[in-house]
Each structure stands twice: as structure tokens, then as C-alpha cells.
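Working notes, structure below.
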Amino acid sequence: MSTDLPTPTANPPKPGALTFSAPKRGKAPRHLADLDPAQRREWVTELGHKPFRADQMSRHYFERLVVDPEQMTDLPAGARGELVSTMLPELLHPVRTLRADDGATLKQVHKLHDGAMVESVLMKYPGRVTMCISSQAGCGMNCPFCATGQAGLTRNLSTAEIVEQVVVAARALRHEEGGETSDEATAKVLRVSNVVFMGMGEALANYKASIGAMRRLVEPSPSGLGMSARGVTMSTVGLVPAIDKLANEGIPVTLALSLHAADDELRDELVPINTRWKVDEALDAAYRYYEKTGRRVSIEYALIRDINDQAWRADLLGEKLRARGQGWVHVNPIPLNPTPGSKWTASRRGVEQQFVERLLAHGIPTTVRDTRGSDIDGACGQLAATV
Ligand code: SAH
């Protein structure tokens with residue numbers, strides 16, 4: 001359906017190369033969502049206003065999802081425009097929205113202040129809405145089957161740039177479904193209930209901004225959006241020290257580990273970070289995360305035909321997970337989504353089925369992930385942000 005081609009980058013990564021430090025580019029303008037409530041109060045005071053104005057602004061942004069000064073009637077008329085342009089600058093400029101799955105999946109392409117592009121995907125299910133957000137423009141982790149990884153890292157996003165993706169989508173959802181409502185039941189359905197850090201980027205390589213965003217998502221208004229930590233999933237290639245750090249943040253979000261192979265030889269190729277932290281080290285860190293937070297960890301495994309889908313590889317994965325305990329993990333096989341220039345394709349149906357059955361036989365709960373948005377290049381690994 002889409003005719004997108006990946007954006008050419010100045011420095012496409014060499015196979016296996018890893019990029020941790022993001023190129024220095026113009027910093028995103030400071031935004032209310034970058035700050036905690038105390039810092040926001042300090043900021044409005046510096047601007048010459050009473051500290052409580054910060055809470056009012058925050059409620060407009062996080063609760064009402066409003067950024068139009070005209071609608072902020074509790075603020076002095078003469079100050080609204082200035083407060084909004086200073087504290088709520090436009091961070092994401094909408095480029096376009098693509099729809100799939102009969103309108104149940106929406107991919108939004110945004111342009112950032114410096115021209116960098118990011119994408120986010122909204123998926124509506126009965127009774128829940130899941131938002132897949134980006135933490136970086138591009139990605140430095142260079143996984144060869146992922147379109148984002150192949151485009152390289154453009155830059156890190158700021159906390160507010162990450163949060164704003166959810167706010168923009170939540171606002172669109174509210175308008176689309178017929179405006180604000182006082183009906184509790186309807187209001188619940190219209191809310192973004194789940195956020196997964198599975199868009200562009202490696203969130204744990206942009207640790208500070210991603211954790212800031214995570215806090216904004218779960219802290220109640222006026223600090224943030226008041227989502228449940230259970231509804232937030234942080235996905236990582238397996239940056240072991242960062243997983244341990246995340247476990248100690250005191251916010252029990254779900255951890256998803258992109259494993260894709262349980263043997264080091266293959267994983268070195270599929271997930272180049274494996275040359276730093278091996279399969280067992282990544283799994284041990286994931287287990288420690290479970291121990292510390294009590295949250296069941298999710299193992300992502302893109303099933304690639306004749307590459308990582310053999311029965312013995314399912315057994316090896318099942319054994320390694322089982323050896324660490326019971327009830328601490330579940331596996332999410334993902335049928336490989338096609339990406340430009342990749343020679344790989346998804347496993348055959350029967351092979352996928354067999355892979356799942358073998359894991360189940362090892363006592364590992366396993367559910368195949370749906371491939372929402374694949375025809376708009378909005379599915380896992382297809383986000384390459386083109387103009
Ligand atoms: N950097 C994070 C988020 C990546 S996107 C991470 O690596 O976990 C979320 C998931 O989609 C990851 O597990 C990623 O490996 C997977 N993915 C990437 N490309 C894919 C593709 N072409 N088909 C299926 N899954 C893919």
C-alpha cells in the first residue's frame with residue numbers, strides 16, 4: 001500500500017557497528033513536559049506569574065489535552081498566549097497520518113523542530129488502545145532485519161518529544177470519537193491505555209529522556225498522564241547495565257527483551273549488541289528485573305524463515321528460560337515484517353506453529369504478536385520515517 005522508501009542518511013551504519021552517542025543537533029525547545037511540577041512552578045515564577053499557574057497549564061496539557069490559549073479561560077487573558085508559546089511550544093509537526101486495519105491502526109509521521117522525522121503508531125483493540133512510540137529519531141543498534149536500525153541514528157528525542165507523541169494521539173482519539181465526554185465508560189475506552197516503547201530507537205540508549213517520559217506517563221495529573229505502570233512496556237536490545245538501572249527506578253513497567261536467538265553465534269549477527277552482552281547475560285538481567293519488580297518479562301522473538309525458527313532453537317530458548325524459573329517470563333514471537341533491502345522473510349505458518357508448541361511444551365507461555373499496520377509500514381521494525 002505504501003510507496004515509502006527509507007530516508008537516506010549521511011552515515012548508514014556498517015554491518016555490526018553500534019552507535020551509542022547520538023549526533024549533537026539543535027536541542028528541542030524546553031517544554032513543560034520535560035519538567036517535574038516543582039521545576040514548572042519555578043519556570044512560571046521566572047516568567048513573572050504565580051506558581052499555581054504551572055499546575056493550571058499542566059492540567060490543560062495532560063488532562064484536557066488542550067494547547068489552544070483561547071480555551072484556557074482560567075488563565076489571565078493577557079498572559080495566555082505568552083505562557084503557551086513559552087511553555088508548550090509545538091514539538092511535533094504533523095506530516096501525515098496513515099490508516100490501516102479499517103481505521104483501527106493509525107501511523108502518525110511527525111517532523112521535529114530541526115527537521116528530523118519520527119513515527120508513532122496507535123492501535124485500537126476492543127476495550128484498549130495501545131500506542132507505540134519512538135524514543136530516538138533513527139536507531140544506533142543496527143539490527144539487520146529492522147528498517148529503523150538500517151537507517152542509523154539521527155538523534156535522541158527529549159522527554160517532552162516522547163510524551164507529546166502520546167498526547168497528540170490521545171487528542172486525536174478524543175476528537176475522532178466525538179469530543180470530550182462526561183460518560184465514564186466511554187471516556188475510558190477513548191484513553192490511551194497502553195504505551196509501548198517499540199517505535200523508532202533504543203529507549204535505554206536514551207536513558208534519561210526515556211525515563212523522564214516514563215515518569216510523565218504514569219504520574220497522576222498535574223504531573224503527568226496518570227497511566228498505569230502495568231500499561232507501559234520498555235523494549236530493549238539488552239543493554240544490561242541499563243536494565244538493572246531501570247529495575248531500581250521504582251516504576252514497575254513491563255520489560256521486553258528483544259532476544260531473537262538463544263545462541264550467541266546467531267544473536268551476534270541479528271542483534272549486534274550481543275557482541276557486548278551475551279544471551280545469558282541479557283537473560284540474567286531480565287530475570288533480575290522480574291525479581292526486583294515482580295513484573296513478568298516479555299521475550300520478543302522475530303521469526304525469520306530458516307534463520308532462527310528451527311525446532312532446536314525453540315528448545316534451546318525454552319530450556320534457557322525454564323532453567324531460570326517458572327512464571328517469570330512469556331515469549332512473544334513476531335512474524336518478521338518485510339523491510340526494504342532485507343533478504344529475509346517470515347517463517348512458514350506451520351514452522352511458526354511448531355515453534356510456539358515447543359515453547360509451550362517447555363512450560364513457557366507464548367503468544368504470537370499480531371502484525372498490525374504492516375501495509376502502512378507501521379508494524380514492528382518498519383518505521384523509517386520518510387517524507
Ligand atoms: N530498540 C527496541 C525497540 C525496537 S522495535 C528493541 O530492540 O527492543 C520492537 C520490536 O520489533 C523489537 O523486538 C525488534 O527487534 C522488533 N523488530 C524489528 N524489526 C522487525 C521486523 N522487521 N519484523 C518483526 N519484528 C521486528
Side-chain angles (χ1 to χ4, degrees), residues 4 6 13 18-20 22 107 118-121 123 130-153 156-157 162 194-207 210 213 232-240 242-243 246 253-261 266-267 269-274 276-277 282 285-286 289 297-305 307-309 330-347 352 355 368-375 377-385:
D4 292 357
L18 294 162
T19 312
F20 286 99
K107 178 168 94 165
V118 288
E119 301 181 347
S120 44
V121 183
M123 291 161 280
T130 297
M131 178 83 213
C132 176
I133 56 169
S134 298
S135 56
Q136 298 180 310
C139 185
M141 297 297 106
N142 203 6
C143 302
F145 55 90
C146 176
T148 314
Q150 289 314 289
L153 179 61
N156 282 328
L157 301 191
I162 301 172
N194 299 71
V195 169
V196 296
F197 283 75
M198 293 187 189
M200 303 169 89
E202 167 59 34
L204 296 187
N206 181 18
Y207 191 85
S210 297
V232 177
T233 300
M234 200 53 96
S235 182
T236 177
V237 287
L239 305 181
V240 166
I243 293 174
L246 180 65
V253 296
T254 301
L255 178 76
L257 172 65
S258 296
L259 198 68
H260 308 311
L266 180 57
R267 194 167 190 265
E269 190 191 338
L270 295 181
V271 187
I273 198 69
N274 200 66
R276 298 245 182 131
W277 292 287
Y289 187 86
V297 170
S298 180
I299 301 288
E300 297 165 283
Y301 199 104
L303 279 170
I304 313 176
R305 186 179 295 188
I307 300 290
N308 66 352
D309 60 359
H330 83 283
V331 177
N332 227 199
I334 316 170
L336 187 81
N337 292 302
T339 59
S342 168
K343 51 187 187 297
W344 291 322
T345 178
S347 302
E352 175 187 303
F355 199 90
V368 175
R369 183 180 297 172
D370 66 2
T371 51
R372 280 286 189 96
S374 56
D375 55 351
D377 286 347
C380 300
Q382 293 186 313
L383 304 185

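Model, not experiment: these values are computed from the prediction. In listed order, ligands and their atoms are each counted from 1.
Counting only heavy atoms from C-beta outward, the side chains of Leu204 and Phe197 never approach each other to under 4.5 Å. Side-chain contact between Val237 and Cys143 is present, with at least one heavy-atom pair separated by less than 4.5 Å.
Looking only at atom types and distance, the side chain of Glu202 has a donor-acceptor partner in the side chain of Thr236 under 3.5 Å away. With 3.5 Å as the limit, one finds a donor-acceptor pair spanning the side chains of Ser258 and Glu300.
Counting the atoms of ligand 1 from 1 in the order shown, those under 4.0 Å from a heavy atom of Gly201 are 1 (N), 2 (C), 3 (C). Close contacts of ligand 1 with Cys146, meaning ligand atoms under 4.0 Å from a residue heavy atom, involve 18 (C), 19 (N). The contact set between ligand 1 and Thr339, taken as ligand atoms under 4.0 Å from a residue heavy atom, comprises 22 (N). Distances below 4.0 Å separate heavy atoms of His260 from the following atoms of ligand 1: 13 (O), 14 (C), 15 (O). Distances below 4.0 Å separate heavy atoms of Ile334 from the following atoms of ligand 1: 24 (C), 25 (N). For ligand 1, the atoms lying closer than 4.0 Å to a non-hydrogen atom of Val237 are 6 (C), 7 (O), 8 (O).
Taking the six-membered ring where tryptophan is involved, the planes of Tyr301 and Phe355 are tilted, since the angle between them lies from 30° to 60°.
For ligand 1, one of its N or O atoms has an N or O atom of Phe145 under 3.5 Å away. Any N or O atom pair closer than 3.5 Å counts here, and Asn337 shares at least one such pair with ligand 1. For Ser235, a nitrogen or oxygen atom sits less than 3.5 Å from a nitrogen or oxygen atom of ligand 1, counting backbone and side chain alike.
With Ser134 contributing its side chain and Gly199 its backbone, the two residues share no donor-acceptor pair below 3.5 Å.
Only the side chain of Glu300 comes within 4.0 Å of ligand 1, judged by heavy-atom distances.
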